[in-house]
Amino acid sequence: MTREFFIRDPRTVGRALLGKVLVRREKSGPLSARIVEVEAYLGKTDPASHSYRGLTARNAIMFGPPGFVYVYFIYGNHWCLNVSCWPVGRAGAVLFRAGEPIEGIEKMSAARGIVLSNDRDARRLTSGPGNLSQALGITRERDNGKDLTSAASDLVVLDDGFHPSKIAASVRIGITKAAERPLRYFVPGNWFVSGPKVL
DNA sequence: ATATCGATTATCT
DNA sequence: GATAATCGATATG
């Protein structure tokens, strides 16, 4: 994806990211997953966004140019992967929440500490932002500030021509502020979308 | 199948 | 000192 792709509103970028492929290029080979769930965070106008209250050391990436990686640590346990949106000076981001594994499933299983024996185990590989990050080896030390649009990067988003037949929106997960805004986007019916399964 | 709860620490007030 | 863009384990119907 180009810089132009990420210059837009996080809501537009978020929807456009569904179906794209998130790739970690390891020396031993690629790890990749098709993006099936994201959330938009709108910065100044969004009380749930880390950038709502202005620039800090942690959220600085979101105020910088679009297409850069913002990684934050949550609940004493998990890394979460985001990409900055909007032009320099305007904060906003998309949180990667879930993907469908494509390449490097063995390595992702090892990274997650999961022995694959059924579909239910497979789902746990990359469903949920903390799990997805762990599967791809995302940490702040390694990835924060990376250019997601650079061909030289070991973390990129690619378009392989696939397009989801449907996209759905819902409220975001795990937040208390601006909880009613429908800024979560996902591929309905995809097995790897996080959260309880509804029928 | 859904509900509740503890873990664990960076960040901000 | 409180909180959090989560996860997985445990309990309960």
Side-chain angles (χ1 to χ4, degrees), chain A residues 6 9-15 17-18 22 33 35-64 66 68-86 90-99 101 108-145 148 168-186 191-199:
Chain A
F6 294 104
D9 186 303
R11 289 165 286 201
T12 308
V13 175
R15 282 183 290 244
L17 279 173
L18 294 177
L22 178 62
I35 300 161
V36 299
E37 180 188 357
V38 299
E39 283 175 1
Y41 286 86
L42 308 183
K44 187 166 70 172
T45 63
D46 180 7
S49 174
H50 288 170
S51 45
Y52 178 60
R53 291 168 189 278
L55 179 70
T56 67
R58 175 174 68 154
N59 66 25
I61 301 292
M62 280 198 278
F63 288 84
F68 283 79
V69 173
Y70 167 53
V71 179
Y72 68 88
F73 191 61
I74 191 72
Y75 295 115
N77 281 306
H78 315 286
W79 298 105
C80 292
L81 172 68
N82 302 253
V83 59
S84 61
C85 297
W86 272 330
R90 184 167 189 185
V94 171
L95 167 67
F96 293 87
R97 288 194 56 90
M108 291 194 251
S109 309
R112 294 276 299 113
I114 289 173
V115 178
L116 291 175
S117 46
N118 55 45
D119 287 350
R120 208 172 156 71
D121 291 334
R123 180 175 183 265
R124 303 200 306 124
L125 283 180
T126 51
S127 182
N131 292 337
L132 176 65
S133 295
Q134 188 175 35
L136 295 175
I138 307 287
T139 64
R140 181 171 52 196
E141 182 179 33
R142 182 174 176 190
D143 299 302
N144 198 47
L148 211 53
S170 80
V171 296
R172 293 173 291 185
I173 293 180
I175 59 170
T176 56
K177 290 163 270 186
E180 74 294 342
R181 292 218 207 180
L183 299 178
R184 170 175 177 254
Y185 309 110
F186 58 98
W191 189 246
F192 291 86
V193 171
S194 71
K197 293 291 144 201
V198 285
L199 244 168

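Just so it is clear, the values below take in all heavy atoms, side chains as well, and ignore hydrogens, waters and symmetry mates. Numbered from 1 within each chain, the chains take letters A, B, ... in sequence-line order.
Atom CZ in A/Arg140 sits about 14 Å away from atom C1' in C/dA4, given to the nearest Å. Separating the CG atom of A/Asn82 from the C1' atom of C/dT6 is a distance of 14 Å, rounded to the nearest angstrom. As a whole-Å value, the separation of A/Leu125 CG from C/dC7 C1' is 15 Å. Taking atom CH2 on A/Trp79 and atom P on B/dA7, their separation rounds to 21 Å, with Å as the unit. Per the geometry, CZ belonging to A/Arg124 stands 11 Å off C1' belonging to C/dA9, to the nearest Å. Across the protein-nucleic acid pair, A/Asn131 atom CG and C/dA5 atom P stand 17 Å apart, rounded to whole Å. Atoms CZ (A/Phe192) and P (C/dC7) sit 15 Å apart, rounded to a whole Å. Per the geometry, OH belonging to A/Tyr70 stands 9 Å off C1' belonging to B/dT11, to the nearest Å.
Under the 30°/60° scheme for interplanar angles, the aromatic rings of A/Phe73 and A/Trp79 are found to be tilted.
Residue A/Ile175 is in sugar-phosphate contact alone, with no base atom involved, counting any heavy-atom pair closer than 4.0 Å across all strands shown. Among the heavy atoms of the strands lying under 4.0 Å from A/Tyr41 is at least one base atom, whether or not backbone atoms are also near. Using a 4.0 Å heavy-atom criterion, one finds that A/Ser194 contacts no nucleic acid atom at all. Within the 4.0 angstrom heavy-atom criterion, no nucleotide atom of any strand lies near A/Arg172.
When both distances must be under 3.5 Å, the Watson-Crick or G-U wobble mate of B/dA3 is C/dT10. Remark: C/dA5 base-pairs with no nucleotide in the shown strands. Criterion, Watson-Crick or G-U wobble with two distances under 3.5 Å.
With no hydrogens or angles considered, no side-chain donor-acceptor pair links A/Asp9 and A/Thr12 at under 3.5 Å.
Applying the 3.5 Å distance criterion, the base of C/dA4 shares no donor-acceptor pair with the side chain of A/Tyr72.
Between the CZ atom in A/Arg97 and the OG1 atom in A/Thr126 there is a gap of 12.5 Å [rounded to 0.5 Å]. The distance from the OG atom of A/Ser49 to the CG atom of A/Leu95 is 11.0 Å, given to the nearest 0.5 Å. Put simply, OG on A/Ser133 and CZ on A/Arg140 are 13.0 Å apart, with the number rounded to the nearest 0.5 Å. Here the CZ atom belonging to A/Phe68 is positioned 11.5 Å from the CG atom belonging to A/Asn144, to the nearest 0.5 angstrom.
Applying the 4.0 Å criterion to OP1 and OP2 of C/dT6, one finds that A/Arg97 has a side-chain N or O inside that range.
Where A/Gly130 and A/Lys177 each meet DNA chain C at their nearest nucleotide, the meeting point lying more 5' is that of A/Lys177. Nearest-nucleotide mapping onto DNA chain B: of A/Asn77 and A/Asn59, the residue sitting toward the 5' end is A/Asn77. Mapped onto DNA chain B by nearest heavy atom, A/Thr56 and A/Ile74 fall at different nucleotides, with A/Ile74 at the one closer to the 5' end.
Comparing C/dA4, B/dT9, C/dG8 against the side chain of A/Arg112 picks out C/dG8 as the nearest. The A/His78 side chain lies nearest to C/dT6 when the options are C/dT6, B/dA10, C/dA4. For A/Arg58, counting side-chain heavy atoms from C-beta on, the closest listed nucleotide (B/dA7, B/dC12, C/dC7) is B/dC12. Listed nucleotides: B/dT13, C/dA5, B/dA10. Nearest to the side chain of A/Phe73: B/dA10.
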